[in-house]
Colleague: 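Here it is, the structure, as structure tokens.
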Amino acid sequence: MTPTGRVVLRGGRIVDSRGERRADVAVDDGVVVEVGEQLAGGRVIDATDCVVAPGFVDLHAHLREPGKEEAETIETGSRAGAMGGYTALVAMPNTDPPHDSVAVINFVREQGKRAGLVDVVPSGCITLGRNGEALAPLAELASAGVRIFTDDGNGVQDELLMRRAMEYGTGLGITLAQHCEVATLTKGAVMNECQCCTSLGLPGWPSIAEELMVFRDIELARLTGARVHFLHLSTARSVELVRAAKRDGLPITAEVTPHHLALDETRLATFDTVYKVNPPLRSPADIAALRAGVIDGTIDAIATDHAPHPRRDKELSLDQAPFGMLGLETALGVALGVLQVDLTHLVRVMSINPARIAGIADRHGRDIDTGAPANLVVFDPTVAWQVAPDSLASKSRNTPYVGMTLRGKVRHTMFNGTFTVLDGAAQR
Amino acid sequence: MKHLRSIDELGHDGLVRLLNLTQHMVEVNRRPIPKVPALRGRTVVSLFFEDSTRTRLSFETAAKRLSADTMTFSVSTSSVNKGESLRDTVETITDMGVDAFVVRHKSTGTPWQISEWTTASVVNAGDGWHQHPTQALVDCFTVREALGVERFDGLTLTIVGDIKHSRVARSNISAFSMLGAKVVLVAPPTLLPPDVAHWPVEVSHRLDDVLARTDILYMLRLQSERMTQGHVPNLREYAELFGLDAKRVAKLPTRAVVMHPGPMNRGVEMLVDPSSLPNSLIHQQVSNGVAVRMAVLFDLLAGESSAANLQQVTT
């Protein structure tokens with residue numbers, strides 16, 4: 001991308017790992033060149049009343065390309081990410097074909113570069129075809145730059161295979177990210193197993209289907225020394241298990257989605273398929289435990305599980321409709337609305353920690369100092385706004401937040417020194 | 001009333017209204033020519049995504065006796081298998097000009113989804129494990145008629161079998177409770193829903209313990225696939241513990257009635273010939289099915305002129 005010359009972000013509050021301070025930020029040629037009071041020269045962009053922070057990093061985005069371009073492409077997903085303040089997205093591997101070969105990894109990365117709106121960071125499959133039967137070529141994928149591996153959409157069911165993946169992975173310095181779901185316990189299930197599902201006659205999805213695998217992988221990590229990341233945790237007991245594992249010093253990290261922090265199981269009583277997600281929306285007690293887990297650091301990251309689906313796929317009966325909802329463009333507003341955290345902690349869970357977990361901390365989630373790559377977000381943490389489906393950058397419309405008032409909106413996003421979003425508008 | 005989707009939505013007053021209306025329809029059905037012009041010009045479409053013989057036939061017969069036009073849409077002949085969304089299907093049929101959808105689907109909630117996408121009335125003819133309101137109306141009407149009572153205060157309804165996967169049980173628990181009955185559920189724990197403790201019912205795992213205080217014994221069908229899913233070890237063991245045999249019939253109070261929504265699994269939940277039972281209501285359940293569905297369609301579709309129309313029906 002062509003550098004646009006010196007730009008000064010004026011009047012904002014810088015928030016990074018060291019806390020908050022008031023300063024202007026000057027950017028030139030893709031990097032931060034000056035941080036200080038009343039900086040002059042170049043193009044001045046207003047950041048008054050706004051937070052200037054390292055750009056957000058999403059550990060969990062389904063960009064659907066290759067294979068389901070009707071739902072999203074790497075370009076439209078990247079644009080949705082930029083609108084949400086993201087400068088890097090970890091692309092989930094459940095595409096068609098999946099991320100189990102270097103060819104697909106390179107394709108995804110190239111499409112990301114072509115779009116040029118965020119860093120598209122491909123994850124790799126743990127098993128071939130995400131079938132849970134044989135390991136994907138982990139070393140070959142790792143040498144092509146993949147740092148985080150997952151079969152997301154599926155949990156790796158076989159204990160021996162998961163143990164082997166962890167053992168093999170410790171030699172490669174990679175992170176294994178687990179979608180925790182014991183599949184035999186969730187067959188046909190669409191909503192949390194609870195009082196509500198009993199009355200609705202909807203097949204229940206028990207918490208233990210997640211917790212058994214969280215427990216298993218914690219113990220396998222203890223045995224093998226592997227670095228394990230838990231995707232989209234949804235239950236109180238999962239949070240407790242991770243808290244105890246961290247107390248034991250195990251190299252475990254975990255994420256939670258904005259929707260599991262904000263929406264409870266009763267939403268599905270409307271029979272609106274937009275609320276059908278995997279794992280399912282849980283109880284108010286689970287939500288409280290997840291929020292507490294984010295606040296006390298047990299949960300390292302907020303990750304969107306952005307899962308676009310075309311209208312016709314969601315306009316099916318509850319048993320046939322696919323799992324998933326959009327997340328990239330609403331994550332900040334939802335997180336600020338439901339979490340009582342200071343902005344430093346918010347930036348930690350939306351940018352600093354996920355950048356570290358994804359293995360991209362050299363260019364994302366960095367403190368805003370001279371020399372740092374200019375991957376930045378500027379957001380107003382107090383402004384209220386409503387989600388208008390037609391204004392979403394995503395190709396899909398399956399958001400549950402239509403008509404809801406969110407607090408906190410992205411004003412500018414800068415990727416490698418270029419504005420991808422300026423004054424709330426996508427630049428390309 | 002715009003839709004009939006669940007007993008809870010219908011409420012006590014609606015339930016009583018439909019039961020009273022059913023009485024009029026029974027009288028219509030006794031005439032030499034059991035057909036009235038009440039719904040002439042109205043169109044009722046049966047939208048069945050799951051196999052059903054008796055429910056679909058009884059809805060279609062009911063519509064025809066009220067002179068409505070009927071259409072049938074069943075999944076095997078539809079474009080649903082060609083990637084058309086449920087919404088597209090519903091909108092297409094709505095565009096043809098229909099007044100009511102009668103819907104059966106294996107997934108909970110489809111009648112609610114469909115009512116978002118059409119201006120027509122929606123009747124739930126069974127959604128997943130959730131609701132089957134017209135079956136509950138049939139069962140309440142049959143008991144009212146057989147026992148000669150309007151309310152069920154002081155009566156105990158015992159439902160036996162696969163409660164967990166039963167829309168009939170869920171609708172009947174609501175309907176019989178609304179009319180004052182006490183409800184007892186009898187099943188192995190694997191065939192009860194996980195949070196049954198929150199329901200206003202008594203739960204037992206031993207049929208023999210509750211027979212003596214049962215006024216209405218309601219046997220549910222056990223589907224054979226429940227065995228492969230590990231809910232019960234085998235049918236013989238189930239029949240032994242929960243089947244109705246002659247010894248158990250003898251334990252019932254003499255005035256107790258026996259019901260079953262059909263189709264029956266002889267040799268599993270029903271170990272006696274039902275025609276040998278002194279107080280079986282199983283045939284009445286089938287024959288009342290048409291009158292109940294006439295009452296429902298009339299109530300939904302006769303609209304503004306329903307009072308005048310009712311007179312026309314009953315005189």
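So that the names make sense, note that chain A is the first sequence line, chain B the second, and so on, each numbered from 1.
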Colleague: Answer yes or no on whether R293(B) is positioned over the face of F59(B), meaning its NZ or CZ is under 6.0 Å from the six-membered ring centre and within 45° of the axis.
Modeller: yes

Colleague: Identify which part of Q195(A) has an atom lying under 4.5 Å from any heavy atom of chain B, answering side chain, backbone, both or neither.
Modeller: both

Colleague: I'd like to verify something: which residue of S174(B), P194(B), G128(B) has the highest number of heavy-atom pairs under 4.5 Å with chain A?
Modeller: P194(B)

Colleague: Using a 4.5 angstrom heavy-atom cutoff, name the option from T198(A), D313(A), L316(A) with the most pairs to chain B.
Modeller: T198(A)

Colleague: Look at the aromatic rings of H232(A) and H179(A) and report parallel, tilted or perpendicular, splitting at 30° and 60°.
Modeller: perpendicular

Colleague: Students often mix this up, so state it plainly: with edges at 30° and 60°, are the rings of H130(B) and W112(B) parallel, tilted or perpendicular?
Modeller: tilted

Colleague: For this output row, return yes or no: ring centroids of W205(A) and F323(A) closer than 6.0 angstrom.
Modeller: yes

Colleague: Measuring heavy-atom distances to chain B, does P206(A) have an atom under 4.5 Å in its side chain, in its backbone, in both, or in neither?
Modeller: neither

